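Before any comments, here is the structure.
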Protein chains: 2
Amino acid sequence: MKLSARGHYGLIAMAYLAQREDEGTVPLKTIAMAEQIPDQFLEQILFSMRKAGLVTATRGPRGGYKLSRPSDQIKVGEIINALEGAIAPVDCLHSDTDQDCCVKTESCTTKFVWEKLRDTMVDVLDNISLRDIVERGNTLIGELGVKS
Amino acid sequence: MKLSARGHYGLIAMAYLAQREDEGTVPLKTIAMAEQIPDQFLEQILFSMRKAGLVTATRGPRGGYKLSRPSDQIKVGEIINALEGAIAPVDCLHSDTDQDCCVKTESCTTKFVWEKLRDTMVDVLDNISLRDIVERGNTLIGELGVKS
DNA sequence: ATATTCCTGACTAATTTAATCAGGAATAAC
DNA sequence: GTTATTCCTGATTAAATTAGTCAGGAATAT
């Protein structure tokens, strides 16, 4: 039940962009450097973010990435979904019909457990926006002092 | 964010035992056969269950496994915990101090997201017992008719 | 005795994930 | 129009994890 590095890095990068949403574009290398993400790996990740319509990119000198929408309109759920596919603790949750996993055995009495888990996870992630993360970060800094 | 086969099979096997909790011990092979789980793999899994104190085993002819407690006192969370370790979407959630992941970058403003997700997941899984699964299964059978 | 069933570590195979490589295309600055 | 910068994108390799098997042993009921 672990998040992949893709998802982990992805959210960090998006939060980085959110924190600078009023400052125009940010080049990939800047993010990679600041957050210690291998930059060719981050390239893959931001490519996915662009395909998902969550960021826009500009090429050439002074180019880079920025959020495609205000940070309060981008939910963590969308990001993770774009990077890792739909959340589903168990594969057989995908099919609308029970075909795949419930035909042969009676084991699918357990299925509702994973459905409930999935629904709860989706609910949590769809209710946190990038802005929430930025604000939370600012609050922490205010309370505890900046760290670096 | 996928459950491993260990966890998936494990819950199925435990639900199987729960459904027969008044019938004495059930041999591993019976479960493996019924639920289509490779039996040497199931052996590993039930071994873990025993080490975690969730089942008791009897050797020899007419031996087998049974739940070590009434099914309503065994939560899904315990089972998954024993089979996959503590739930933690991101590794740095383990350490009580921030040492591991938050020193170098400001990326840990995202940490609370994973904390919240973890807490919610734990909450869901700790509030479903094996008996809930059995009852749910019986209800479904009553409503929809038995499948096999 | 013997058949049955669990015990347990070591091992192998398959899959997934992380990361790198490579070459290209667009664009701003000069 | 040349150059440096930055994103684009598929292919490939390397590392790690997971799934599953092998092998031999120990306990126990009949």
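Naming convention: chains lettered A, B, ... in sequence-line order (proteins, then strands); numbering from 1 in each chain. Note that the structure is a prediction, hence the values are computed from the model and not measured.
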Select from A/T58 and B/F41 the residue whose nearest nucleotide in DNA chain D is closer to the 5' end of that strand.
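That would be A/T58.
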Nearest-nucleotide 5' precedence on DNA chain D, B/P38 against B/R62:
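Per heavy-atom nearest nucleotide, the more 5' residue is B/P38.
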Euclidean distance, atom [atom1] of residue [X] to atom [atom2] of [N] [Å, nearest integer]:
X: A/L83; N: C/dA18; atom1: CG; atom2: P; result: 11 Å
X: B/K29; N: C/dC7; atom1: NZ; atom2: P; result: 15 Å
X: A/Q40; N: C/dA22; atom1: CD; atom2: P; result: 10 Å
X: B/R50; N: C/dT5; atom1: CZ; atom2: P; result: 17 Å
X: B/Q44; N: C/dA10; atom1: CD; atom2: P; result: 13 Å
X: A/M33; N: D/dT6; atom1: CE; atom2: P; result: 10 Å
X: A/L3; N: C/dA18; atom1: CG; atom2: C1'; result: 14 Å
X: B/Y65; N: C/dT5; atom1: OH; atom2: P; result: 12 Å

Can you measure from CH2 (B/W114) to CE (B/M121) and round to the nearest 0.5 angstrom?
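Atom-to-atom, B/W114:CH2 and B/M121:CE are 10.5 Å apart.
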Are A/V134 and A/I31 connected, step by step, through hydrophobic side chains (Ile, Leu, Val, Met, Phe, Trp, Tyr) whose heavy atoms are closer than 4.5 Å?
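The answer is no; the residues belong to distinct hydrophobic clusters.
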Taking a hydrophobic cluster as the set of Ile, Leu, Val, Met, Phe, Trp and Tyr residues connected by side-chain heavy atoms closer than 4.5 Å, whether directly or through intermediates, do A/I87 and A/V76 fall within one such cluster?
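Yes, same cluster.
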Assign B/L46 to base, sugar-phosphate, or nothing according to its heavy-atom contacts below 4.0 angstrom with the strands shown.
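Since no nucleic acid heavy atom lies under 4.0 Å of B/L46, the category is nothing.
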If you check every side-chain atom of A/P61, which of D/dA4, C/dG9, C/dG24 has the closest atom?
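Ranking D/dA4, C/dG9, C/dG24 by closest atom to the A/P61 side chain puts D/dA4 first.
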Starting the side chain at C-beta, find the nucleotide from D/dT6, C/dT5, C/dA28 nearest to B/P27.
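My answer, after comparing the listed nucleotides, is C/dT5.
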What residue among B/M49, B/Q44, B/E43, B/R50 forms side-chain contact (heavy atoms from CB on, under 4.5 Å) with B/F47?
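Looking at B/M49, B/Q44, B/E43, B/R50, the match for B/F47 under the side-chain contact (heavy atoms from CB on, under 4.5 Å) is B/R50.
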I'd like to know if A/E43 reaches the base of C/dT20 with its side chain, counting only an N/O donor and acceptor under 3.5 Å.
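Flag unset: no donor-acceptor pair detected.
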Taking the six-membered ring of A/F112 as reference, does the cationic atom of A/K116 (NZ for Lys, CZ for Arg) lie under 6.0 Å from its centre and within 45° of its axis?
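No, A/K116 does not sit over the ring of A/F112.
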